[in-house]
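What follows is one structure encoded as structure tokens, with my remarks underneath.
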2 protein chains.
Amino acid sequence: MSGYDVKCALETIVGHFWHESFGQIYPILRQLVAEGLATVDTERAAGRPERLVYAVTPHGTEELNRWLSEPVEHHQRPRHELLLKLFFGASIPRDITLGLVARRRQEVEALLETYGEIEAELLHDSVADDAARPFWLATLRYGQLTAQATLRWC
Amino acid sequence: MSGYDVKCALETIVGHFWHESFGQIYPILRQLVAEGLATVDTERAAGRPERLVYAVTPHGTEELNRWLSEPVEHHQRPRHELLLKLFFGASIPRDITLGLVARRRQEVEALLETYGEIEAELLHDSVADDAARPFWLATLRYGQLTAQATLRWC
DNA sequence: CTCGGCATGTAAGTGGTTACATGATTCG
DNA sequence: CGAATCATGTAACCACTTACATGCCGAG
């Protein structure tokens with residue numbers, strides 16, 4: 001993939017649980033090549049800009065699988081703004097606090113809807129290879145369950 | 001409170017949904033004074049270190065309440081390492097992926113237990129003033145519901 | 001001819017952590 | 001005596017975002 005492709009893939013496929021900016025992607029791709037974890041190839045096609053297409057090396061695959069097997073370390077430090085505001089809910093008018101929660105409810109309802117669309121795609125299409133599909137569905141299920149819990153909480 | 005007190009309060013009371021380091025707290029307290037949102041007072045008690053005790057001004061309270069009323073803007077950019085690893089679960093041995101999930105289950109089970117203890121404290125003690133208690137319980141309930149959802153997902 | 005998509009990159013800045021420096025006191 | 005707690009602060013560093021610079025192409 002090119003760096004641009006990586007960004008698109010990130011946004012469309014794993015966008016609900018991961019993100020990365022160009023400022024991160026481009027320097028890191030270069031670094032991966034320097035470390036022998038990937039190779040680059042310049043692609044020139046008529047009628048489109050030049051692309052730097054990266055491919056993972058065997059060593060890169062090895063390192064990736066090693067990382068995938070490692071226990072999850074970097075738990076995101078908690079910063080839940082809505083809960084913080086709610087914690088001090090006693091000092092502002094009731095209807096404003098209720099408004100904050102109502103807004104969140106709307107957001108999560110919309111989220112659940114898009115999750116439904118993603119589910120339909122995953123189930124009916126032959127998008128992913130069959131080996132990966134159950135895992136993709138598992139990440140989706142996580143989103144659905146926690147979103148439903150948030151909804152009940154609202 | 002002193003900066004030290006703020007850190008302790010953060011950790012013990014809202015630690016499950018917010019954090020702040022000393023490197024943030026001390027400079028910001030000073031800044032608050034410069035902006036007229038707080039005042040400082042040096043407290044010297046025999047047999048203990050000098051403390052800088054901060055107090056919020058009327059203007060500070062006003063600003064706080066304004067912020068509390070504002071809609072939540074800064075959603076944490078998603079970075080869910082477990083889901084990302086699971087997404088690529090097809091490329092590593094099954095038992096390793098299952099181990100990652102089992103580990104998460106244990107963590108969340110422990111979390112639910114501590115939530116239970118916090119609930120008991122909130123219900124039986126006269127810890128908080130009565131006006132704040134329902135809001136504190138609401139933040140707790142959020143943690144409990146999403147933790148239970150995560151558990152079911154595991 | 002402009003806008004949006006494709007494509008790469010960097011520089012400046014931000015937001016935050018970590019580690020360290022300092023020092024008093026209390027408790028085992 | 002050493003360790004833990006109370007207490008304040010800073011400097012170095014890191015991870016990351018934002019905004020910008022550049023340019024090509026096709027569609028409207």
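All figures in this text were calculated on a predicted structure; none of them were measured in a lab. So that the names make sense, note that chain A is the first sequence line, chain B the second, and so on, each numbered from 1.
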**Fill in**
Tightest non-hydrogen contact, residues Val72(B) and Glu81(A), listed as CA-OE2, 3.5 Å
**Prompt:** Does the side chain of Ser2(A) get closer than 4.0 angstrom to OP1 or OP2 of dC6(C) through an N or O atom?
**Reply:** no
**Prompt:** Along DNA chain D, 5' to 3', what are the outermost nucleotides having an atom less than 4.0 Å from a heavy atom of chain A?
**Reply:** dC16(D) to dC25(D)
**Request:** Scan Arg79(A) against the nucleic acid and name what it touches under 4.0 Å (heavy atoms): base, sugar-phosphate only, or nothing.
**Result:** sugar-phosphate
**Asked** When you match Arg77(B) and Val53(B) each to their closest nucleotide on DNA chain D, which lands nearer the 5' end?
**Response** Val53(B)
**Item:** Pairs satisfying salt bridge (charged side-chain N to carboxylate O under 4.0 Å, His left out), at least one member in residues 17-38 of chain B, at least two apart
**Value:** Arg79(A)-Glu20(B)
**Item:** Any Leu32(B) side-chain heavy atom under 4.5 Å of Tyr54(B) side chain
**Value:** no
**Asked** Quick one, which residues of residues 10-35 of chain A touch DNA chain C with a heavy atom under 4.0 Å?
**Response** Tyr26(A), Arg30(A)
**Item:** Protein-nucleotide distance (Arg44(B), atom CZ; dG23(C), atom P), rounded to Å
**Value:** 16 Å
**Message:** Are the side chains of Gln144(A) and Trp153(B) in contact, using a 4.5 Å heavy-atom criterion?
**Reply:** no
**Prompt:** So, His16(B) and Tyr115(B): side-chain donor and acceptor under 3.5 Å apart, yes or no?
**Reply:** no
**Item:** Spacing of CG belonging to Leu83(B) relative to OH belonging to Tyr142(A), to within rounding of 0.5 Å
**Value:** 6.0 Å
**Request:** May I ask you to test the Val14(B)-Phe88(A) pair for a side-chain heavy-atom distance under 4.5 Å?
**Result:** no
**Interatomic distance, Ile92(B) atom CD1 to Arg66(A) atom CZ [nearest 0.5 angstrom]** = 12.0 Å
